[in-house]
Protein chains: 2
Amino acid sequence: MGSADDQGGQEPPGRRGEVNLQAIAGRAGVHVSTASRVLRQTEPARGWSAPAQRVIAAAAELGYRPNRLASSLRTRRSNTIGVVMPRLGDTVIASICQAVESAARAAGYQLLLTTPPDEMGAQLEAVDFLLSRRVDGLIVSSLHLSSQIPRLTNLSVPIIATNRHPGDWLPAVVADDVEGGRLATEHLLALGHRRIGVVAGPRHASTAVERVAGFRLAHEQRDLPVDEALVVHTDFEVEGGVVGAHTLLSLADPPTAVFAVNDTAAIGVMGAARQRGMRVPDDLSIVGYNDIAVVAQLPTPLTTVHSPRATMGAVAVERLLAAIGGGEPDGAVLPVSLVVRSSTAAPLR
Amino acid sequence: MGSADDQGGQEPPGRRGEVNLQAIAGRAGVHVSTASRVLRQTEPARGWSAPAQRVIAAAAELGYRPNRLASSLRTRRSNTIGVVMPRLGDTVIASICQAVESAARAAGYQLLLTTPPDEMGAQLEAVDFLLSRRVDGLIVSSLHLSSQIPRLTNLSVPIIATNRHPGDWLPAVVADDVEGGRLATEHLLALGHRRIGVVAGPRHASTAVERVAGFRLAHEQRDLPVDEALVVHTDFEVEGGVVGAHTLLSLADPPTAVFAVNDTAAIGVMGAARQRGMRVPDDLSIVGYNDIAVVAQLPTPLTTVHSPRATMGAVAVERLLAAIGGGEPDGAVLPVSLVVRSSTAAPLR
DNA sequence: TTGTAGGCGTTATCAT
DNA sequence: ATGATAACGCCTACAA
């Protein structure tokens with residue numbers, strides 16, 4: 001007996017010392033390259049040859065798991081999509097992420113995910129990280145407006161933005177946030193509101209900025225002015241909604257309605273209204289944005305704008321895969337719709 | 001002139017044709033192994049040698065990104081944690097995920113994430129997938145109770161469950177769900193409720209099952225019987241809460257309070273109450289579970305049990321890394337606490 | 001300190 | 001159809 005150490009024929013598969021092609025080739029009495037070929041082929045018309053059958057049997061017995069690191073190294077394809085998705089704790093982001101995962105999985109791709117802080121530095125680092133893992137393409141969900149162009153342009157793999165877009169220089173799959181903001185605002189204007197506050201979210205997020213642009217557009221279309229004191233910038237969290245609402249409702253001439261650029265903040269606005277003893281919608285109308293699952297069942301169901309998160313993730317993957325396949329990546333703007341519930345009504349006076 | 005094709009000295013970094021160690025070694029006039037060493041060293045006490053400086057300069061100029069696929073293949077460590085996390089769209093899960101990511105990142109690890117459907121078959125497939133990517137360890141968030149032991153036991157890398165546990169055979173980092181259920185129920189019992197309904201979630205999730213066990217325990221401790229008709233199983237979604245509540249409230253002798261095993265379903269219960277014209281807490285007390293951000297600001301702020309999601313993710317990573325480092329993986333049960341808000345009160349009669 | 005050689009597990013290109 | 005061989009990019013003894 002020699003001192004060979006990979007001869008243990010009846011290793012319980014799964015101990016240290018991974019089962020590799022060499023092991024199964026040895027057991028099947030064929031060459032490694034044969035084993036490789038057999039395991040990657042589909043059954044030929046005339047059935048498996050005898051050696052091929054032995055290979056397949058050996059692989060099953062040993063619990064062979066191909067080492068994708070090695071195969072990716074060799075083939076230069078990882079079948080992995082890199083995803084940069086800050087703020088995963090937010091339902092909206094998480095559901096985009098899940099849609100991305102499903103679509104990727106259906107196409108035979110896996111996700112390499114990072115959830116860096118919502119800052120450009122951290123996001124660029126994340127991109128570097130993913131690139132060094134040789135992902136086949138990148139989906140980035142939360143780029144800031146006017147981000148550094150050079151760092152993300154001309155990468156070695158296709159990249160596509162989603163949820164937010166950083167400007168026109170990168171293809172992006174996003175929802176029609178301007179139209180959404182317009183719809184929300186026009187709904188309130190049509191009800192007769194003339195002083196509408198906006199919990200406007202952060203200035204670096206295209207989603208927030210464009211929903212506010214839609215707010216302005218709605219006023220413009222009716223030749224109404226916008227009082228800038230009614231636009232307060234915050235973050236996307238519940239607490240931001242609370243603080244923003246208190247700011248608005250403390251004004252000398254407070255709004256009769258508030259448009260929050262996301263549902264979470266809208267719930268914060270509801271909280272602030274409750275704290276002040278105001279009834280919704282009697283004393284204050286509220287419109288949110290996104291139509292997350294819970295808002296339909298709140299004690300006061302929320303009027304909101306439905307954003308197509310699942311579609312967004314799926315389309316982003318679809319476009320990215322097309323780009324990986326060769327073409328230029330292509331963006332998309334998805335339609336949104338208003339969902340009227342019970343948090344909005346005509347102003348009392 | 002030979003036919004060498006990797007001599008293009010002034011490639012714009014980032015085109016196809018990745019920059020590798022050989023390229024930078026060539027440019028710096030040193031051997032590949034030297035380049036490798038230099039780039040992985042920290043600056044020696046007496047500063048960089050001249051060749052080392054050239055290596056560093058070349059790497060910077062060419063925008064060198066080490067190929068982690070190759071280095072992982074060689075070193076047999078990927079610095080990657082595989083994560084199986086179904087139901088990412090749920091805030092609770094997503095925040096665990098984010099906590100896992102932060103902790104992993106802080107330790108120099110990346111996540112390879114999958115969000116398969118919440119079924120054991122899909123989850124086991126996901127594990128296989130991750131293992132073939134040679135992750136250094138696994139975190140699995142949603143195993144079903146009494147899952148197949150053999151498939152997940154004796155893997156080639158450490159594995160740890162979190163959020164839910166599948167039984168005693170796998171180390172798990174979870175919250176004290178029995179105690180949480182007991183706290184919620186005891187709160188209602190102490191208020192004087194004697195018919196308490198439970199929106200009990202799915203039977204395969206330890207979280208749901210143990211919160212219900214806590215519900216029973218609270219009754220036991222007061223020598224009160226549990227009416228099984230008051231325990232209705234559902235899923236974790238809003239709609240499950242709506243349906244479950246309608247079932248309960250349609251009983252001949254309906255409950256005066258409902259404990260929903262998660263906040264999302266509790267909001268569904270609120271919705272059902274509203275649909276029936278019942279006031280919360282006057283006509284119906286409601287307790288949720290998890291203390292997700294929005295419930296504190298609802299028009300009727302929700303009494304709930306706070307679950308330590310961020311801690312859970314962090315501890316899971318910590319334990320996993322310890323196991324990767326050599327030891328046996330070790331589970332943990334984290335404490336929970338009751339948060340009393342406005343959705344609970346003494347029964348009217 | 002730097003160079004040399006061999007190999008991680010897989011696949012592609014040959015020749016047989 | 002199968003076998004031999006080289007190479008993907010990097011790392012690590014070991015030798016100079």
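Proteins get letters first, then strands, A, B, ... in listed order; numbering begins at 1 in each.
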Nearest whole angstrom, please: distance from the [atom2] of [N] to the [atom1] of [X].
X: B:Gln53; N: C:dT2; atom1: CD; atom2: C1'; answer: 16 Å
X: B:Arg77; N: D:dT12; atom1: CZ; atom2: P; answer: 12 Å
X: B:Leu39; N: C:dT2; atom1: CG; atom2: P; answer: 12 Å
X: B:Ile56; N: C:dT1; atom1: CD1; atom2: P; answer: 14 Å
X: B:Leu73; N: D:dC8; atom1: CG; atom2: P; answer: 14 Å
X: B:Glu18; N: D:dA7; atom1: CD; atom2: P; answer: 20 Å
X: B:Leu69; N: C:dG9; atom1: CG; atom2: C1'; answer: 12 Å
X: A:Arg133; N: D:dG9; atom1: CZ; atom2: P; answer: 17 Å

### Query
Is A:Glu18 paired with B:Arg76 through a side-chain N to carboxylate O contact shorter than 4.0 Å?
no
### Query
Below 4.0 angstrom, N of the basic side chain to O of the carboxylate: do A:Asp118 and A:Arg164 qualify?
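The answer is yes: the pair qualifies as a salt bridge.
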Please report the interatomic distance [atom1]([X]) to [atom2]([Y]), rounded to the nearest 0.5 Å.
X: A:Leu130; Y: B:Arg68; atom1: CG; atom2: CZ; answer: 11.5 Å
X: A:Glu101; Y: A:Gln110; atom1: CD; atom2: CD; answer: 8.0 Å
X: B:Ile96; Y: B:Met312; atom1: CD1; atom2: CE; answer: 3.0 Å
X: A:Arg27; Y: A:Arg54; atom1: CZ; atom2: CZ; answer: 12.5 Å

#### Entry: Out of C:dT1, C:dG9, D:dG3, whichever nucleotide has its closest atom nearest the side chain of B:Ser49
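Of all the options, the side chain of B:Ser49 is nearest to C:dT1.
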#### Entry: side chain to side chain contact (heavy atoms under 4.5 Å, CB included) between B:Val127 and B:Leu138, worked out
CA-CA 8 Å; B:Val127 167; B:Leu138 284 165; 3.8 Å; yes
### Query
Tell me, for nucleotides 10-16 of chain C in 5' to 3' order, what letter each nucleotide earns: B for a base near a protein heavy atom under 4.0 Å, S for only sugar-phosphate near one, - for neither?
BBB----
### Task
Begin from the C-alpha positions of A:Thr80 and A:Tyr109 and carry the test side chain to side chain contact (heavy atoms under 4.5 Å, CB included) through to its verdict.
CA-CA 5 Å; A:Thr80 300; A:Tyr109 279 77; 5.8 Å; no
### DNA chain D stem ranges, 3 or more consecutive Watson-Crick or G-U pairs under 3.5 angstrom
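Correct response: C:3-16 with D:1-14.
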### Message
Quick one, B:Asn20 with B:Asn67, criterion side chain to side chain contact (heavy atoms under 4.5 Å, CB included). Give me CA distance, side-chain angles, the key distance, then yes/no.
### Response
CA-CA 8 Å; B:Asn20 57 17; B:Asn67 185 330; over 6 Å; no
